[in-house]
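Contents: one structure, followed by commentary.
Each chain gets a letter, A, B and so on, in the order its sequence line appears, and its residues count up from 1. The figures here come from the full heavy-atom set of this structure, side chains too, leaving out hydrogens, waters and symmetry mates. Remember, predicted model here, so these are calculated numbers, not experimental data.
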4 protein chains.
Amino acid sequence: MSVNKVILVGRLGRDPEVRYLPNGEAVANFGVATSEQWKDRNGERQERTEWHNITMYRRLAEIAGQYLKKGSQVYIEGRIQSRKYTGKDGVERTAYEIIANEMKMIGGRDMGGSSSDFDGGDYAASSSASAAPVAAASSVPPAAPRREVNKPAPVVDDLDDDIPF
Amino acid sequence: MSVNKVILVGRLGRDPEVRYLPNGEAVANFGVATSEQWKDRNGERQERTEWHNITMYRRLAEIAGQYLKKGSQVYIEGRIQSRKYTGKDGVERTAYEIIANEMKMIGGRDMGGSSSDFDGGDYAASSSASAAPVAAASSVPPAAPRREVNKPAPVVDDLDDDIPF
Amino acid sequence: MSVNKVILVGRLGRDPEVRYLPNGEAVANFGVATSEQWKDRNGERQERTEWHNITMYRRLAEIAGQYLKKGSQVYIEGRIQSRKYTGKDGVERTAYEIIANEMKMIGGRDMGGSSSDFDGGDYAASSSASAAPVAAASSVPPAAPRREVNKPAPVVDDLDDDIPF
Amino acid sequence: MSVNKVILVGRLGRDPEVRYLPNGEAVANFGVATSEQWKDRNGERQERTEWHNITMYRRLAEIAGQYLKKGSQVYIEGRIQSRKYTGKDGVERTAYEIIANEMKMIGGRDMGGSSSDFDGGDYAASSSASAAPVAAASSVPPAAPRREVNKPAPVVDDLDDDIPF
DNA sequence: TTTT
DNA sequence: TTTT
């Protein structure tokens with residue numbers, strides 16, 4: 001028995017990148033920034049920003065592609081997952097990402113999200129999605145040449161690229 | 001405004017490693033395993049274990065050093081923090097760790113933890129600890145040659161080693 | 001957009017009480033204790049126990065009925081929900097309960113739970129369960145004369161009793 | 001060992017009510033609404049709103065009094081606590097409230113909160129506050145005749161009123 | 001009592 | 001790469 005839970009509230013650095021697995025399942029990737037402020041011992045205001053790589057599958061991925069935009073503020077629940085990969089430089093590294101199983105749009109108004117088609121909402125991964133991790137390949141982030149996003153999202157044959165995030 | 005929160009329940013893979021910063025502050029590092037089970041599309045039982053690198057400071061670090069052992073089951077609350085470092089091979093990598101601000105011992109009994117001196121308990125990082133991240137150096141995990149643990153923990157002069165975790 | 005999330009780790013005060021709605025859906029009710037200890041300003045050790053009324057539906061309810069027992073340690077995730085009811089004394093009161101959507105058995109071994117048939121596990125409410133609250137009546141806790149539990153659980157016609165929890 | 005944690009994101013129904021204990025400690029009370037939407041079996045859109053009674057102490061209470069307003073969107077972390085009281089009608093009831101130990105203002109802009117003096121921020125209860133529950137009396141909500149709020153908050157002699165929330 |  |  002164990003628990004591996006992450007709760008984030010932050011903003012997207014870019015529009016989500018949505019891709020499709022050979023079996024038709026959608027996969028969305030995007031970064032979410034959280035930042036903390038504090039005063040150091042000299043009383044100086046400090047800030048530190050952390051970028052979280054988010055991965056969503058299926059319906060959640062599709063919703064992200066439709067409604068989330070660069071700058072959108074989101075509440076995300078998920079789990080931490082690490083993954084080994086070999087970079088173009090032939091070096092093995094470990095990437096970590098948050099596999100989301102729940103997402104809620106925050107703040108609403110129109111920052112990142114056209115209020116005309118949508119005004120806030122919350123979504124959960126299908127039960128099976130949350131229980132059954134998809135094959136490793138599916139959680140590999142987009143390759144070097146970025147493609148169009150939120151558009152006629154291309155069906156890709158192989159997500160097994162060598163560059164993470 | 002943002003939220004960066006992690007909740008874990010899992011077991012330690014080793015005894016915690018406790019070190020001391022030049023200013024006398026304790027820093028504890030240890031790994032916690034969480035695992036998930038699921039059935040794949042062929043109905044085969046699958047399991048995946050994730051190892052989380054935990055970092056604790058100050059009082060929480062000292063308590064970890066005193067009461068946690070390899071195999072101990074713990075509840076941990078903290079935040080995700082990443083950190084760039086250059087390995088011995090000269091390659092730059094990013095490590096992620098969980099900076100804990102709360103810890104509770106679970107299950108008790110005698111698996112990992114002598115019930116004679118202690119029977120469960122919960123601890124929170126001092127408010128300032130949670131608000132003010134210590135200098136980056138302090139969150140660097142132990143160097144290659146492992147030292148004694150939970151013992152007359154040595155005061156180290158420099159935590160700026162080049163190997164993470 | 002809003003978030004209403006509760007995370008509990010505690011022990012059951014009794015075996016779960018499982019009942020069935022007219023439509024065949026299972027409903028489980030049980031109390032979980034959490035306690036906090038602290039030292040008051042006189043340095044005296046204080047303790048306070050809180051009892052949480054847990055409600056589970058469907059598969060989660062059935063699993064609770066099968067595997068949870070008085071004394072079992074559980075991790076529960078859910079939401080807070082209040083409910084007005086009128087007691088036998090004709091007085092209206094408000095009860096609050098935790099509608100669980102995830103449950104994990106902790107600690108294992110044999111305290112509350114026969115390790116022969118089971119060794120820990122985690123369960124999530126079906127997506128629809130979490131999305132669609134059942135009619136108010138279904139969340140009403142068992143009436144005064146306690147019935148058999150974890151057994152050939154009786155199909156009840158009406159859960160609209162007037163005593164909460 | 002146990003965990004009793006609540007995470008809420010919602011909006012204040014009214015300005016916080018801040019009072020002071022005889023010892024000078026501030027206590028803030030306010031309601032936060034969370035709501036869930038779902039479609040029932042007839043495909044009809046349903047909504048249910050839950051009101052959570054929030055209690056904050058000390059610095060957190062003062063910050064709430066200063067920066068939170070009716071309509072403000074907040075992230076709150078705390079624990080569930082119940083409390084018995086006898087109403088004016090002589091009937092004993094149990095009230096539940098969320099004792100907050102962390103609060104973050106969300107969304108910013110000017111809905112509920114003058115962006116001139118403040119633009120988002122996060123606050124944690126002092127460590128001692130979170131560890132040591134204040135005397136029961138202190139968590140009793142405001143009595144019938146509402147007093148001024150967010151103003152020269154009066155020092156009250158006794159919070160032992162008989163009406164909760 | 002909030003908000004969309 | 002976000003935002004205040």
Side-chain angles (χ1 to χ4, degrees), chain A residues 8-17 29-38 45-54 64 67-76 104-122 141-142 146 149 165, chain B residues 1-4 82, chain C residues 1-4 82, chain D residues 8-17 29-38 45-54 67-76 104-122 141-142 146 149 164-165:
Chain A
L8 301 175
V9 177
R11 289 182 187 276
L12 277 74
R14 287 172 176 277
D15 287 358
E17 178 129 356
N29 287 281
F30 55 92
V32 164
T34 59
S35 60
E36 44 178 340
Q37 292 84 29
W38 73 96
R45 199 174 181 67
Q46 299 292 326
E47 174 159 357
R48 183 195 158 93
T49 294
E50 185 71 38
W51 284 97
H52 308 269
N53 293 297
I54 311 295
Y67 298 112
L68 298 184
K69 303 234 172 319
K70 172 176 171 174
S72 296
Q73 192 179 21
V74 285
Y75 167 92
I76 284 175
K104 301 192 181 193
M105 299 176 64
I106 281 184
R109 245 92 51 160
D110 81 317
M111 184 58 224
S114 58
S115 60
S116 53
D117 19 313
F118 195 76
D119 278 283
D122 63 271
R146 289 180 62 88
V149 185
F165 309 128
Chain B
M1 202 302 299
S2 59
V3 174
N4 173 358
S82 61
Chain C
M1 202 301 300
S2 58
V3 174
N4 173 358
S82 61
Chain D
L8 302 174
V9 177
R11 289 182 187 275
L12 277 74
R14 288 171 177 275
D15 287 358
E17 177 128 358
N29 287 282
F30 55 93
V32 164
T34 59
S35 59
E36 45 179 338
Q37 291 84 29
W38 73 96
R45 199 172 179 68
Q46 298 292 325
E47 174 161 355
R48 182 194 159 93
T49 295
E50 185 72 37
W51 284 96
H52 307 271
N53 293 298
I54 311 295
Y67 298 111
L68 298 184
K69 303 235 171 322
K70 171 176 173 174
S72 296
Q73 192 178 20
V74 284
Y75 167 92
I76 284 175
K104 302 191 180 193
M105 299 176 64
I106 281 184
R109 243 94 47 165
D110 80 320
M111 184 59 225
S114 57
S115 60
S116 53
D117 20 312
F118 195 76
D119 278 284
D122 63 271
R146 288 181 59 86
V149 186
F165 309 127

(request) To the nearest 0.5 angstrom, please state how far the CG atom of A:L12 sits from the CD atom of A:Q73. (result) 10.5 Å
(request) For A:T49, check side chain to side chain donor-acceptor pair (under 3.5 Å) against everything at least two apart and list the hits. (result) none
(request) Specify the separation, in whole Å, of atom CG of A:L68 and atom C1' of F:dT2. (result) 13 Å
(request) Among the candidates F:dT1, E:dT2, F:dT3, find the nucleotide nearest to the side-chain atoms of D:A33. (result) E:dT2
(message) From CD1 of D:I54 over to C1' of E:dT1, roughly how many Å is that when rounded to an integer?
(response) 13 Å
(message) Output the rounded distance in Å from CG (A:N29) to C1' (F:dT1).
(response) 14 Å
(message) Distance check needed: E:dT2 P versus D:D15 CG, whole Å only.
(response) 12 Å
(request) Send over the distance from D:E17 CD to E:dT2 C1', rounded to a whole Å. (result) 17 Å
(message) Under a 3.5 Å threshold, yes or no: a donor from one side chain and an acceptor from the other, between B:S82 and A:E50?
(response) yes
(request) Identify whether any heavy atom of D:S35 sits under 4.0 Å from a base atom; if not, whether one sits that close to sugar-phosphate; answer base, sugar-phosphate or nothing. (result) nothing
(message) How many whole angstroms separate atom CD of A:Q73 from atom C1' of F:dT2?
(response) 10 Å
(request) Using whole Å, report how far CD of A:E50 lies from P of F:dT2. (result) 16 Å
(request) Give one of base, sugar-phosphate or nothing for B:S2, where a contact means two heavy atoms less than 4.0 Å apart. (result) nothing
(request) Would you kindly give the NE2-to-P distance between D:H52 and E:dT1, to the nearest whole Å? (result) 17 Å
(request) Between E:dT2, F:dT3, E:dT1, spot the one nearest the side chain of D:R14, thanks. (result) E:dT1
(message) Do A:M105 and A:L68 make a side-chain contact, defined as non-hydrogen atoms from C-beta onward lying under 4.5 Å apart?
(response) yes
